[in-house]
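Data block below; observations after.
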Amino acid sequence: MFCLADGNNFYVSCERVFRPELRGVPVAVLSNNDGACVSRSYEAKKLGVPMGAPAHELRDFVVHHGLILCSSNYSLYGDISDRFMRTLKPFASSMSGYSIDEAFLCLDGVRGDLHQLGLQIKAKVLRDVGIPIGIGIAPTKVLAKLANWAAKKWPATGGVVVLTDPARQAKLLQLAEVGDVWGIGRQLTSHLQDMGIRTAAQLAAHDPKALRRRFSINVERTARELRGEVCFSLHENLGPKKMIACTRSFGQRLYSLPDLQQAIASHIARASEKLRAQQEDCRVVQVFIRTSPFDSKGESYSRSTFVQLQTPSSDVRDLLQAAQAGLASIYRPGPAYAKAGVILMEFINPRMSTPDLFAPAPRKGSADLMAVIDKINRKQGRGTIKPARLASAHSFAMKQDRKSPCFTTSWSDLLKVGSGPCLPVNAAETSCQK
DNA sequence: TCTGGGGTCCTAGGACCC
DNA sequence: TCTGGGGTCCTAGGACCC
């Protein structure tokens, strides 16, 4: 039996934990660079604020309906996510975090009333972490997802739906459209509809073999899971990452090579840190730069290149060298660059591979040096030790005009408790509603 | 003015191997 | 005359997720 615990409007809920004035009012969280809407409160959804809408299209809601916009604050969300996962863990024999705001629990061997258990989990997370969640419990992951969907869609469920009874399963499958099923996106929905498959029930009833032939093995599995046949295990797709990407749009357009070099250096610093965290080396570094697809005037330019490392490495100096060489080969003066990124790929475990006899030897002392850098940066904050190429003020920095304080991850942002309302030390500068 | 970031998996088709 | 069978690897492109 699987249980899916999923935060409601997670980013907005995180903002509300430390900012009670945001409760009960329409709130939306924006993506990086204050670009598009990525999370909406219940009140914002009710107003009709669309998911994914660019910020400038939300003006009317702000002016006429009191919609409050927040920049995204990923260190805050990440920290609250950690607390969320820690709180869930004791409820199950095993658990698998699926995304920043979702986790699957394995309830095999759990005795007693599952609905009561769901209510307990929900109450505990609300009390200890401060965020509302929905709970779906069912024999397969796809059904647990659907149960969770139902728990959020119908408030009368109390936010907990247990799908063990076949009759209830069948009923829900008829109410859900095929596009509401986990793994069935826009394209598949339209193809399935052409075949006359409109509801989850119809998908479950369709011949799985035919689904495999027409689409893919995963559509077959999804359909089988809807019937209660387990095809996805708890720890599906776990393990080290197969690629690590760091990409960003700039806060403003960039033109010069040195500016792009800085952006690339900062991406490499972060990407190589992630790579070292999973204790692997990489063989290939991809670099790309591009203009904005939304710039109607001006030249459109998008280039990408792969740089092969002779000796696999996770040393920031090696990766930086490779990435800068790649950048130099694709950079051209003229275009208004809007975004750059690096992607590390082809990982190897250095303890389980044979070095190339003719490749240059790895740098001496690299592992020790990197370990010290990572330790210092973990303790003193990201960027305490960084490539010298990076200036302190970035020309490529993100736009985040409405960012809330890092209440839990920055000493200077801790809430000051004293007379009057609780305000963070630097609240004046970071107020959400500028 | 202003349009996110980071992942995974699958398939088809070609090249190549024994 | 008759022209196999079983595989791997690679890449590009498409689709999905949060």
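Keep in mind that the numbers below use all heavy atoms, side chains included, and drop hydrogens, waters and symmetry copies. A, B, ... follow the sequence lines: proteins, then strands. Residue 1 opens every chain.
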Distance flag, aromatic centroids of Tyr301(A) and Tyr331(A), threshold under 6.0 Å: no
Touch class at under 4.0 angstrom, heavy-atom based, for Phe10(A) against every strand present: nothing
Below 4.0 Å: OP1/OP2 of dG5(B) and any side-chain N or O of Ser249(A): yes
Heavy-atom neighbours of Gln400(A) CD exceed 12 at 6.0 Å: yes
Candidates dT3(B), dG4(B), dG6(B) - which lies nearest the side chain of Cys246(A): dG6(B)
Between C1' of dT3(B) and NZ of Lys339(A), the distance in whole Å: 11 Å
Distance, rounded to the nearest Å, where Asp401(A) contributes CG and dC2(B) contributes P: 14 Å
dC17(C) and dG4(B), which share atom name C1', separated by this distance in whole Å: 15 Å
Under 3.5 Å side-chain donor-acceptor pair for Glu15(A) and Ser404(A): yes
Nearest listed nucleotide, side chain of Lys242(A), among dT3(B), dT8(B), dG5(B): dT8(B)
Residue Asp101(A), side-chain heavy atoms: nucleotide from dC18(C), dG7(B), dC9(B) that is nearest: dC18(C)
Pairing nucleotide - dC18(B), Watson-Crick or G-U, each distance under 3.5 Å: dG5(C)
Length of the CE-C1' vector between Met243(A) and dT11(C), whole Å: 15 Å
Selection from dT1(B), dT3(B), dG5(B) that lies nearest to any side-chain heavy atom of Arg59(A): dT1(B)
Salt bridge (Lys or Arg N to Asp or Glu O under 4.0 Å) assessment of Glu43(A) paired with Arg16(A): CA-CA 13 Å; Glu43(A) 298 79 7; Arg16(A) 284 176 167 174; 2.9 Å; yes
Closest to the Trp182(A) side chain, choosing from dT8(B), dC18(C), dG5(B): dC18(C)
